[in-house]
Amino acid sequence: MGYYIGIDVGGTHTDGVAVDVSTGSVAAKVKVETSLDLYACSMEALEGILEKVPTKEVKRVLFSTTLVTNAVATGTLEPPGLILMAGPGMNPSFLTDTPDCHLISGAMDHRGREIVPVDKSEIARVVDNFLLKGIAVVAVAGKFSGRNPSHELAVKEIAADRFDYLSLSHNLSGALNFPRRAITAYLSAALWRRHSNFISAITRAVRGHGVEAPLYLLQADGGAALAESRENGAETALSGPAASIMGADAMRSFEGELLTLDIGGTTTDIAMLIDGVPLLEQHGATISGYKTQIRSLYNRSIPVGGDSEVKVDDGVLTVGPKRRGKAAALGGPLPTPTDALIILGRYAKGDADRARKAFEPIAKELSLTIEEASERVLSKLAETIARETENFVNEVNSRPVYTIRELLHGHKVAPTHALLVGGPARLFVPYVEEALGIPVEVPRHSDVANAIGAAVSRVSLEVNATADTSKGDLSIPEAGVYRKVKSNYSMGNLEKETLKELETLARSHGVTMRGYQPEVLESESFNIIEGYARTGSFHRIRAQVRPSILCKIKESG
Amino acid sequence: MKFPKAGVKTGVVFFPAFDWAISANHPEREERLLYTRDQIFEEGLFDVEGITEYPPSLATVEDVERVHLCLPSPEKVVTSSHYISAGGAIAVGEAVMKGEVERGFALVRPPGHHATRVVRGLRGFCVINIEAVMLEYLRKQYGPLRVAIIDTDCHHGDGTQEVYWNDPDTLFISLHQDGRTLYPGTGFPSEFGGPGGYGATLNIPMPPGTGDKGYLYVIDNFVLPVLEDFKPDLVINSAGQDNHFSDPLTNMSLTAKGYAELTRRLSPHLAVLEGGYSVQSALPYVNTGILLALAGLDTSNVIEPLYSPEVSVQSKKTDEFLKELCEMMLYRYENRENLFEESFGDKEYHETTKNLFHDEAGISEHQREKTRICRDCPGVTLLATSAPGYSEDYLITLPLRGCPRCRREAEEAFANASTEEFDTILFQDRPNDVTYKKGGPKPTHTRSRWL
């Protein structure tokens, strides 16, 4: 019994849905225009939903917003102080080009052994300098800090409680990639205040409406995060494509390997679900050119959609990559695929005569009738999507692997079905089906797929555990676990401990244990040999609670 | 806070073969590139714009048999790991030939530079010669190529030298620790190439303790001038990393920065990992340095924790020795045509015999080789090999530029070779890119414990 509410703030529309938990049906659906005030339109959508479902019955409310994505894109960040400990390797100058960055002494090697100690008086000087400048948020990152966080912790000891927010990179990800970890820590600090204020505002408003259910925000990996934790706001970037993929998962009837295509006005997003499991980016999300270590669903956005510019140059027809405005039939300046749909009578909207007029020069240059030219444009759009889809699948299949077993016997994906979501998706079906050569499905609520994805997405988590029995160290940075282990600590021990820590972490993030499915993504074990003798073992595990959905939408298309 | 952009587009195949070892405590074991993986991933090197990671391709039996006679058969001696490691080299080679990148780095294992034409098992940690398998593949795909292979592994690249001994289109230069002090005990200035490729094999044996200064001196004063003269289409670096001062198997004094500088000066199109067994103290830093140098990025911060200025200091005697050696070798290179006349004169055939030991396979073999001294092509080579207790076999190689006369001789030799006398007879018809085989393994042969 009860309802899951999902609110998705998109570029043009803000959608809200309430999913009836007992029936898996969409009990309420709201669409409002997105305004500059993201808080206002989120509330407008929420209020629209709350008019249709009883507040006491609301089990959870989840927001997927472009707040963070927009802030990064427009550069409206709060300038943080940045403290880096880079150690030997690549010249770190590409990370130190922010106004308040200090490269301080302190270096760790690949096994987390100290090469250069930190200088506490130097840290104190940097902290004082930040305070003098009025800096209120600080990010700290050290190379190999996941293997040994003691240098970052030394900074914390001196800086804690003196700033509004202190972001330590080893808390953000235990995966290797120092620059991405530093960039993520930087964004996390730079976004903290905005993110935190937004959470305060929506929490107040939601509680004001009498809803006592927990509040969540959608993350880039399609997982939900408890709003009250106010952790790493950067993780809520790019939640739009993630919401769409999770929505597709909730509504799909196909099993196995399927493509999800979210066809919008300006862009089409391509992603894949394998037996309901979305593919993840290998290293992390890229947000407005910042390469981060934020877990993110693997998604390719291509610049073609219903409002793409259609033109003919030297007899060659192109659709996209630019969007110049709405369809001509709706008052836009240039012909678009949407106009083609209107001309062919597939879409009853706008002024068909204006669409025909806009298509006249296109038809003339191609020596076709207006109807033929319209067909050609829609095929061209579908072919572009199909070509990019093929590239996408090839990219998935050429991901690097590092063992002979995986290289020789690794699975190659081959999608057998496609799921189309997004406002105009239904209208493009015959063209996309022909270009892709596989069956295409459009679920009933495809127009609010993102809000549905937001409504039903579960909490997701990842931990990276490393045990070095030669040094006697165990680390699980995401769980804050750093302790000594004995020389006989085995892979089995590590797996057990990692899964236990993951469960504890999951509970603290509000994960319900019903349907809780942790899984080991990667594990590896090596002998550590020094001189000619084995001195211990190196075990590593990457485990996750994968992004998944709380329930399926049961209504068929 | 954006990743830097590579000055030179560089492709990398990283294939650490985490599930393959010669044996548990062998230097060539699973975690050899583990710490390198940790370092290059933590550095975020594959995120640098202009550095592209490629998956390895799989070399085929045909690719291997273009170079090798595998005994008793390719299936018996060549494992998946070798097809992948050679395939890794091929993948970066193709990326460069197609112009997708300007340079490539095959960060792969197992290595290959001790593998000679006849493969009977492991030899110096190698089974097939991954550079040669790559290069002959590239020549098949992209036509004739004039190529220089600069082998900077600490051990003499005797396998590569042997494969290209008679090839005037492949310049082979090896810089290595003096063979009197290190495996495989060859690589002296007198080893100068066969009649078809005389002066295209050049060896620089260096004294133990040679440091950055000595290596860079030889690059500047010998290798670069020879390359200037040879004008290769492609420069390949067999980038062994066992010259590092911390390597447990050798006695040289190169540093990570020295490696980076050597790579920058050499500017190879392709670097292929060979040896290097200081897996924790050297490889993570050396590989980072090589990759940054290939990509045209700053290497000044690549400093291994064990570094101090003293580690790379070499003796005055070494300075002088290398100066004289480079002068002597340049003289020999420049006068190779006169030296050819002295060595081969107007003989019709050049005949040699040698003994070869496949160390880890534990197989000794005796080879008799006959090369036609031909004015029109590098000359057909006939190689009879006998490994007591194993097999007697015959390899006929008609080189890529083989002339009609040599072709006739090769074809006759193949027709006349009897399976009574030899177990396996392989004819490499390189101009037509086909191999013909007669006979095959006898089922009674016992194989080494490694295979």
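First the proteins, then the strands, lettered A, B, ... as listed; each starts at 1.
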Determine, for [X] against [Y], whether the closest basic-nitrogen to carboxylate-oxygen distance falls under 4.0 angstrom.
X         : Y         : value
Arg111(A) : Asp38(B)  : no
Glu524(A) : Arg37(B)  : yes
Glu42(B)  : Arg181(A) : yes

Option in [options] with maximal non-hydrogen atom pairs under 4.5 Å from chain A:
options                                   : answer
Asp19(B), Val302(B), Asp298(B), Leu292(B) : Asp19(B)
Glu304(B), Lys2(B), Glu30(B)              : Lys2(B)
Thr288(B), Ile84(B), Asn25(B)             : Ile84(B)

To the nearest 0.5 Å, tell me how far [X] [atom1] sits from [Y] [atom2].
X         : Y         : atom1 : atom2 : result
Phe41(B)  : Arg180(A) : CZ    : CZ    : 12.0 Å
Glu530(A) : Ser281(B) : CD    : OG    : 8.5 Å
Leu45(B)  : Asn177(A) : CG    : CG    : 9.0 Å

Do other residues, nucleotides or ligands put more than 12 heavy atoms under 6.0 Å from the CD atom of Glu49(B)?
-> no
Near Lys257(B) NZ, under 6.0 Å, is it more than 12 heavy atoms from other residues, nucleotides or ligands?
-> yes
Which one, Ser93(A), Pro88(A), Pro92(A), leads in non-hydrogen pairs under 4.5 Å with chain B?
-> Pro88(A)
Among the listed options Ile404(A), Asn91(A), Ile115(A), the residue most often paired with chain B at heavy-atom distances under 4.5 Å = Ile404(A)
Which bit of [X] is near chain B, if near means a heavy-atom gap under 4.5 Å: side chain, backbone, both or neither?
X         : result
Arg113(A) : side chain
His283(A) : side chain
Thr98(A)  : side chain
Thr292(A) : neither
Ile528(A) : both
Ser288(A) : backbone

Quick one: closest heavy-atom pair of [X] and [Y], and the distance?
X         : Y         : result
Asn301(B) : Met90(A)  : ND2-O, 3.3 Å
Ile529(A) : Gln280(B) : O-NE2, 4.4 Å
Pro284(B) : His110(A) : CG-NE2, 3.6 Å
Met1(B)   : Leu95(A)  : CE-O, 3.7 Å
Ser398(A) : Pro55(B)  : O-CG, 3.8 Å

Pairwise side-chain contact, [X] with [Y], heavy-atom cut-off 4.5 Å (strictly under):
X         : Y         : answer
Leu408(A) : Leu58(B)  : yes
Asp109(A) : Tyr285(B) : yes
Phe15(B)  : Leu407(A) : yes

Show your reasoning for whether side-chain contact (heavy atoms from CB on, under 4.5 Å) applies to Phe526(A) and Arg32(B).
-> CA-CA 10 Å; Phe526(A) 295 93; Arg32(B) 186 175 156 222; over 6 Å; no
Centroid-centroid distance, Phe94(A) to Phe3(B), less than 6.0 Å = yes
Go through the atoms of Tyr54(B) and report whether side chain, backbone, both or neither lie under 4.5 Å from a heavy atom of chain A.
-> neither
Parallel, tilted or perpendicular for Phe538(A) and Tyr35(B), by the 30°/60° rule?
-> perpendicular
